[in-house]
K.L.:
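Pasting a structure here, questions to come.
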Amino acid sequence: MATQIVTSEANTAAVPGEALEFDDIQGLVFFGHGHLKYSRYVFLRMKDGKQARARAWLRTLLERKEVSTASGKQHPGLKDVKGEHALQVAFTYSGLKALGLSPEVMTTFLQEFREGMRDERRARILGDTGGSAPEKWQVGGDATMAHVVLVLFGKDDADLDVFHASHRDCYQEALEEVFIQDADMRQGDTEPFGFRDGISFPYIKGVPTTRGSDALGLPINAGEFILGYHNAYGQYPFSPRVPRSQDPGNLLPDVPRSQRVSGEPRPKDLGRNGTYLVIRKLRQDVAGFWKFVEENSRDPDKSAEENEANKELLAAKLVGRWRSGAPVELCPMKDDPTLGADSARNNHFEFRDDPYGVKCPLSSHVRRSNPRDTLVDDPQESIKLGSRHLIIRRGRPYHDKFADGAEEQGLMFVALNTNIGRQFEFIQQTWMNNPKFSDLYDSKDPIAGDNYDPEYPGDEPKDYTAVVPGFPVRQRLTGLPRFVHTRGGDYFFLPGIKALRYLSMERTP
Ligand code: HEM
């Protein structure tokens, strides 16, 4: 039965939807554990012959109720989450295979997940080429592939170390660490280029929220983000399933009747209350970004102050929001920090009155990653179509410091969705990396697009532009370099708690 969730007074009521089984859903789906500023991604690989130990480790996690859910003791309410620590656990395709899932079950996962992010075709779809190609990755490439990711959250570094060490004691016999990445929010919710992040979120039916909704306010069916519920098409998303005979303990719920293939004897739903987790380590060339912006906004005839203002303006036009988070669509020439901080207003905008991008350029990151009411002529229809290409983002910035004094900054980009191809990959491929997006012809997303990369054979700077209409006159920037480089990543399955229990059960190979 679905748990009643307690919410703080500030929360608006949930838009009615299907009753979500909050205590079976990992907490990350609903919140980013923002009160715990430090996080660590521990990528693990099962040791040979240690499958049984790995399953025993999972059972221990469950017995100790270590996996954070959206309710229960750790999380009495969606907004009142104040646990001391949080932990989420997810698996790659090869991880599930290594845990001993049968071939019949493995084939029921999404193709994108089965192939993995490093797959040649998927890499091309994502623009992971040249310097961002999987063979150069720190994690997730052929030699650095993980089976499991543990995402740990704590209040500071020392606390996280202790939390991590306590878990290492439990898993180290079965799993070895492939890669560890820290990411934290000590700078608040600002990403490394200096812009406030984590503002726009889908408005999900059945989930209380304090956030203002999109202007046309279309609440989305939960099945876009959680398996086992209706999606934006009013259908159940594809969910991995288990033949009834392979769940003798009856741990899993039945696959809904409408989802059964005729003749299939009542299969069990392994996906329900789970989802797919996209993790990408994205390096940001912060110095390169600001150098490019400065070179393209400096006017020798203007004062230093005017040039500084122009620099901020151009950067905001490329992102689609000012540093404060205020949308350039609402304040096109000057930042409005009050608006940026006002969650009731800072996501309340559309683009249909700005068809040429004079306020918010067509190519800006925010406009490309969510074109809102401008996909087709009818704004309502546009919002409806767009609602099929949304993701929940849970990324956090990282700042690596190396022994030789070198430093690297970027984003541990994290997205949740139930259909990787139609949601995450679609945004990256069809909107961000598409030179012909919205009647443009040779520009890509200036922030997250696969722009000019000298390491990609045949790439020419002249082929990459960004057009900024009305800045203060129309400006065409050529030779747009790639400011964001992929350093690793993979697709994971983030199971519900019942599914985790199923995965932890002993099974004969
Ligand atoms: C290092 C790379 C990236 C940076 C620095 C970045 C930065 C930002 C910033 C500053 C915002 C505006 C704040 C907000 O609305 O939350 C934003 C929004 C967004 N980004 Fe990114 N982003 C990056 C990569 C990506 C990627 C890879 C995707 C998906 C493929 C993505 C999808 C989105 C979406 C969907 C929005 C919200 C758009 C809206 O609804 O208005 N971003 N990003």
Side-chain angles (χ1 to χ4, degrees), residues 32 117 125-128 132 183 187-203 211-218 220 224-225 278-286 288-290 315-330 340-341 343 346-351 360 364-374 383 386-398 408-417 420-434 444-451 482-487 489 491:
M117 201 181 269
I125 284 174
L126 297 175
D128 288 336
S132 292
Q187 309 289 353
D189 42 15
T190 303
E191 54 71 40
F193 291 145
F195 293 81
R196 208 181 135 207
D197 201 0
I199 301 171
S200 179
F201 273 85
Y203 187 20
R211 296 171 186 278
S213 63
D214 289 351
L216 290 183
L218 187 69
I220 316 294
E224 286 297 297
F225 310 103
V278 177
I279 299 186
R280 277 163 85 68
K281 181 174 178 180
L282 300 175
R283 174 169 74 80
Q284 293 177 241
D285 180 2
V286 178
F289 173 76
W290 284 105
K317 294 278 183 183
L318 297 178
V319 173
R321 287 189 187 263
W322 295 88
R323 284 182 192 260
S324 70
V328 296
E329 188 59 37
L330 298 183
S343 65
N346 65 12
N347 206 22
H348 252 257
F349 61 94
E350 307 146 359
F351 300 118
C360 184
S364 64
H365 177 62
V366 160
R367 196 153 175 173
R368 277 187 184 257
S369 55
N370 186 0
R372 299 182 183 223
D373 58 340
T374 53
I383 297 273
S387 70
R388 296 165 186 174
H389 309 290
L390 297 175
I391 49 176
I392 294 175
R393 290 172 299 135
R394 297 283 179 225
R396 288 182 174 212
Y398 72 84
E408 176 183 316
Q409 280 182 276
L411 189 68
M412 277 306 276
F413 174 85
V414 172
L416 298 143
N417 51 196
I420 299 171
R422 173 166 65 74
Q423 295 172 270
F424 163 68
E425 285 189 352
F426 182 94
I427 298 175
Q428 184 73 59
Q429 180 187 30
T430 311
W431 289 345
M432 291 180 175
N433 291 351
N434 178 6
K444 299 190 177 199
D445 187 316
I447 303 299
D450 59 338
N451 286 301
R482 191 173 178 145
F483 299 120
V484 168
H485 309 260
T486 315
R487 302 283 272 148
Y491 294 139

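In listed order, ligands and their atoms are each counted from 1.
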K.L.:
For atom 13 (C) of ligand 1, tell me which residue out of Lys281, Arg196, Glu425, Met432 has the closest non-hydrogen atom.
P.N.:
Arg196

K.L.:
For atom 17 (C) of ligand 1, which candidate among Arg393, His389, Arg321 holds the nearest heavy atom?
P.N.:
Arg393

K.L.:
Indicate yes or no for a side-chain donor-acceptor contact from Asp285 to the backbone of Phe483 under 3.5 Å, with no hydrogens or angles considered.
P.N.:
no

K.L.:
With sequence neighbours left out, what residues match Arg280 under salt bridge (Lys or Arg N to Asp or Glu O under 4.0 Å)?
P.N.:
Asp128

K.L.:
State the CD1-CZ distance between Ile427 and Arg422, to the nearest 0.5 angstrom.
P.N.:
10.5 Å

K.L.:
Among Arg283, Glu408, Arg487, Gln284, which residue meets the side chain to side chain donor-acceptor pair (under 3.5 Å) test with Tyr398?
P.N.:
Glu408

K.L.:
Any idea which part of Ala448 is under 4.0 Å from ligand 1, heavy-atom wise: side chain, backbone, both or neither?
P.N.:
side chain

K.L.:
Kindly confirm or rule out an N or O of Ile447 lying under 3.5 angstrom from an N or O of ligand 1.
P.N.:
no

K.L.:
Between Ile392 and Pro202, what is the shortest heavy-atom contact and its length?
P.N.:
CG1-CG, 4.2 Å

K.L.:
Short list, please: which atoms of ligand 1 are under 4.0 Å from a heavy atom of Val366?
P.N.:
12 (C), 41 (O)

K.L.:
Please work out whether any backbone atom (N, CA, C, O) or any side-chain heavy atom from C-beta onward of Val484 is under 4.0 Å from ligand 1, and answer side chain, backbone, both or neither.
P.N.:
side chain

K.L.:
With sequence neighbours left out, what residues match Ala415 under side chain to side chain contact (heavy atoms under 4.5 Å, CB included)?
P.N.:
Val278, Ile391, Phe413

K.L.:
Ignoring angles and geometry beyond distance, decide whether Asn347 reaches within less than 3.5 Å of ligand 1 through its nitrogen or oxygen atoms.
P.N.:
no

K.L.:
Evaluating non-hydrogen atoms only, which member of Gln423, Glu329, His365, Glu191 is closest to atom 6 (C) of ligand 1?
P.N.:
His365

K.L.:
Measuring from atom NE2 of His389 to atom CD of Glu425, what distance do you get when rounded to the nearest 0.5 angstrom?
P.N.:
13.0 Å

K.L.:
Below 4.0 angstrom from a heavy atom of Phe424, which ligand 1 atoms are there? Numbered from 1 as shown, please.
P.N.:
30 (C)

K.L.:
Please compare Ser369, Ala316, Pro192, Gly340 and report which has the shortest non-hydrogen distance to atom 34 (C) of ligand 1.
P.N.:
Ser369

K.L.:
Any idea which heavy atoms bring Ala448 and Met432 closest together, and the distance?
P.N.:
CB-SD, 3.9 Å

K.L.:
Looking at Asn370, which atoms of ligand 1 are within less than 4.0 Å of one of its heavy atoms?
P.N.:
38 (C), 39 (C), 40 (O)

K.L.:
Could you list which atoms of ligand 1 come closer than 4.0 Å to a heavy atom of Phe195?
P.N.:
10 (C)

K.L.:
Select the closest option to atom 41 (O) of ligand 1 among Arg372, Arg367, Arg368, Gln284, judged by heavy-atom distance.
P.N.:
Arg372

K.L.:
Which residue in the set Arg482, Lys444, Gln429, His485 passes side chain to side chain donor-acceptor pair (under 3.5 Å) when paired with Asp450?
P.N.:
Lys444

K.L.:
Applying a heavy-atom cut-off of 4.0 Å, say which part of Leu390 lies close to ligand 1: side chain, backbone, both or neither.
P.N.:
neither

K.L.:
Is there a donor-acceptor contact under 3.5 Å linking the side chains of Arg321 and Asn347?
P.N.:
yes

K.L.:
Pick one of side chain, backbone, both or neither for how Arg280 approaches ligand 1, counting any non-hydrogen atom pair under 4.0 Å.
P.N.:
neither

K.L.:
Can you name the atoms of ligand 1, numbered from 1 with element, that are less than 4.0 Å from a heavy atom of Gln428?
P.N.:
27 (C), 30 (C)

